Amino acid sequence: MVITNNTTLPEEAELDTQELNLSSAALRAGAFHLGKQCEQANNEFMLCRQELDDPRACLAEGKAVTGCALDFFRKVKKTCHEEFMQYATCLDKSSGTMAFAHCRKTQGVFDKCVKDNFDWERPSYGYFARAKVIKSARDPPKKEEKISYPDATPGLPEDYPKPPAKYGSRFHWLE
């Protein structure tokens, strides 16, 4: 997006929202359940960004995503804090890449806590990679009509003489 003198930027009050102050390990530990629980808000935001190609138009959807994530982590902290922290600590300390493979036991304990308290299933492997049709409350953007220009160079008439190539054909093997 190019910014010109005519571009209006949002006021600071419009941009002000509470941020999610979590470490990478904590975000990674809650990622699967967070993605499933906030799927609708995330899809709306990404659809808005993709269709409108203007981040200023999607501020409300972005705030909804942040609000959903805040609510999710508040619920988890209220009921499964100990299990979540064990899982996040395991991810953080077990490998340099925060690999899930080293923390399957603590993951199972956290998943069981989430299942027992919220009845949330962990999404199956590949769930977020599946193709989905998203139903949105927003109207789709108007499609611009394609401008059709007449052909600037008319073709040669059929009876125009076509002498053989002066230095031979570039497809000599076909002759």
Side-chain angles (χ1 to χ4, degrees), residues 1-81 83-85 87-101 103 106-107 110-111 113-115 117-149:
M1 185 176 136
V2 178
I3 296 179
T4 64
N5 287 339
N6 298 334
T7 305
T8 57
L9 296 175
E11 295 295 324
E12 190 170 342
E14 293 177 75
L15 299 173
D16 189 34
T17 185
Q18 185 178 357
E19 291 186 19
L20 202 58
N21 288 330
L22 292 174
S23 67
S24 299
L27 287 171
R28 192 164 169 88
F32 285 93
H33 294 290
L34 172 66
K36 182 75 171 141
Q37 297 311 310
C38 297
E39 185 174 22
Q40 184 63 33
N42 284 329
N43 288 343
E44 281 292 327
F45 176 69
M46 293 309 294
L47 191 64
C48 178
R49 287 292 309 267
Q50 185 70 32
E51 286 180 345
L52 300 180
D53 198 27
D54 183 7
R56 298 169 298 166
C58 304
L59 291 176
E61 287 85 354
K63 286 182 181 183
V65 170
T66 305
C68 181
L70 284 167
D71 291 343
F72 170 79
F73 283 111
R74 284 181 185 136
K75 288 178 187 175
V76 168
K77 183 178 179 182
K78 196 178 290 183
T79 56
C80 299
H81 179 46
E83 294 87 348
F84 177 75
M85 288 310 297
Y87 184 35
T89 304
C90 179
L91 287 174
D92 193 25
K93 307 275 186 207
S94 65
S95 72
T97 60
M98 289 193 251
F100 291 112
C103 302
T106 54
Q107 174 188 331
F110 174 61
D111 287 346
C113 179
V114 169
K115 174 71 175 150
N117 290 313
F118 301 113
D119 199 31
W120 294 341
E121 288 282 339
R122 184 180 185 88
S124 61
Y125 183 74
Y127 173 80
F128 296 108
R130 291 185 196 136
K132 298 176 185 95
V133 176
I134 299 169
K135 297 193 177 176
S136 176
R138 291 184 312 104
D139 293 331
K142 295 177 182 171
K143 294 182 180 177
E144 295 179 15
E145 288 186 32
K146 293 183 179 178
I147 301 172
S148 174
Y149 295 103

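Because only heavy atoms are used, hydrogens play no part in the values below, and waters and symmetry mates are left out as well, while side chains stay in. Predicted model only: the values in this text are computed from it and were never measured.
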query: When rounded to the nearest 0.5 angstrom, what is the spacing between OH in Y87 and CG in D111?
result: 7.0 Å

- prompt: Roughly how far apart are L52 CG and R138 CZ, rounded to 0.5 Å?
  reply: 5.5 Å

message: Ring-plane angle category for F110 and H33, please: parallel below 30°, perpendicular beyond 60°, tilted otherwise.
response: perpendicular

- prompt: Can you pull the ring pair (Phe, Tyr, Trp, His ring centres under 6.0 Å) pairs that have at least one residue in residues 46-70, sequence neighbours excluded?
  reply: none

Stepwise side chain to side chain contact (heavy atoms under 4.5 Å, CB included) check, E51 with C58: CA-CA 10 Å; E51 286 180 345; C58 304; over 6 Å; no

message: Are the side chains of F32 and Q107 in contact, using a 4.5 Å heavy-atom criterion?
response: no

message: Donor-acceptor pair, distance only, cut-off 3.5 Å: does the side chain of R56 make one with the backbone of T8?
response: yes

query: Without hydrogens or angle criteria, can the side chains of S136 and E44 be said to hold a donor-acceptor pair below 3.5 Å?
result: yes

message: Do R28 and F100 form a cation-pi contact, if we require the NZ or CZ to be under 6.0 Å from the six-membered ring centre and within 45 degrees of the ring's axis?
response: yes

- line: Here the gap from L59 atom CG to T17 atom OG1, rounded to the nearest 0.5 Å, amounts to 10.0 Å

- request: Output the distance between atom NZ (K93) and atom SG (C90), rounded to the nearest 0.5 Å.
  value: 11.0 Å

message: Nearest 0.5 Å, please: how far is CD in E11 from CG in D16?
response: 12.5 Å

field: Smallest separation among heavy atoms of D92 and A25, with atom names
entry: CB-CB, 3.7 Å

- prompt: Can K36 be said to sit on top of F72's aromatic six-ring, NZ or CZ under 6.0 Å from centre and within 45° of the ring axis?
  reply: no

task: Would you name the heavy atoms of S95 and M98 that are closest together and state the gap between them?
output: OG-N, 3.2 Å

field: Taking every non-hydrogen atom, the tightest pair across A57 and C48
entry: O-SG, 4.0 Å

- request: Could you tell me whether the side chain of F73 reaches within less than 4.5 Å of the side chain of L27, counting heavy atoms only?
  value: yes

task: List the atom of A88, the atom of A26, and the distance in Å for their closest heavy-atom pair.
output: CB-CA, 4.0 Å

- prompt: Is it the case that more than 12 heavy atoms not belonging to K132 sit under 6.0 Å from its NZ atom?
  reply: yes

field: Steps toward side chain to side chain contact (heavy atoms under 4.5 Å, CB included) verdict (V114, F84)
entry: CA-CA 9 Å; V114 169; F84 177 75; over 6 Å; no

message: Would you compute the distance between atom CG of L15 and atom NZ of K63 and round it to the nearest 0.5 angstrom?
response: 7.0 Å

task: Not counting sequence neighbours, list each pair that qualifies as a ring pair (Phe, Tyr, Trp, His ring centres under 6.0 Å) and has a residue in residues 44-69.
output: none

query: Which atoms form the tightest heavy-atom contact between C103 and S94, and what is the distance?
result: SG-OG, 3.5 Å

message: When you compare the side chain of C80 with that of N117, does any pair of heavy atoms fall below 4.5 Å?
response: yes

